[in-house]
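Count residues from 1 along the sequence. Hydrogens, waters and symmetry mates play no part in the numbers below; they use all other heavy atoms, side chains included. From a predicted model like this one, the values you see are computed outputs, not experimental measurements.
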Amino acid sequence: MKGLTFSLKRAVGISGLKNKIVRKTGIPTTRQGLERKVGQTVLSAFTGGRKRK
């Protein structure tokens, strides 16, 4: 069947647990997400925290 896959992490509940942690702390668990958050923080420090519209 196309599109039907099995994930051990989802079956054990690791994915759900990671999602709960991310929602409560606001800290991403992926490398890409963490890099994006750090870059955003550094840029906002340089620009005075102003968001562009």
Sequence neighbours excluded, the answer for side chain to side chain donor-acceptor pair (under 3.5 Å) partners of R23 is none
So side-chain hydrogen bond (donor to acceptor under 3.5 Å, both in side chains) across residues 27-37, not counting sequence neighbours, yields R31-E35
Excluding I27, membership of its hydrophobic cluster (Ile, Leu, Val, Met, Phe, Trp, Tyr; side-chain heavy atoms within less than 4.5 Å) reads L34
With sequence neighbours left out, the residues meeting side-chain contact (heavy atoms from CB on, under 4.5 Å) with I21 are L17, T25
side-chain contact (heavy atoms from CB on, under 4.5 Å) filter on R10, not counting sequence neighbours, yields S7, S15
For V12, the hydrophobic cluster (side chain heavy atoms closer than 4.5 Å, chained through members) also holds F6, L8, I14
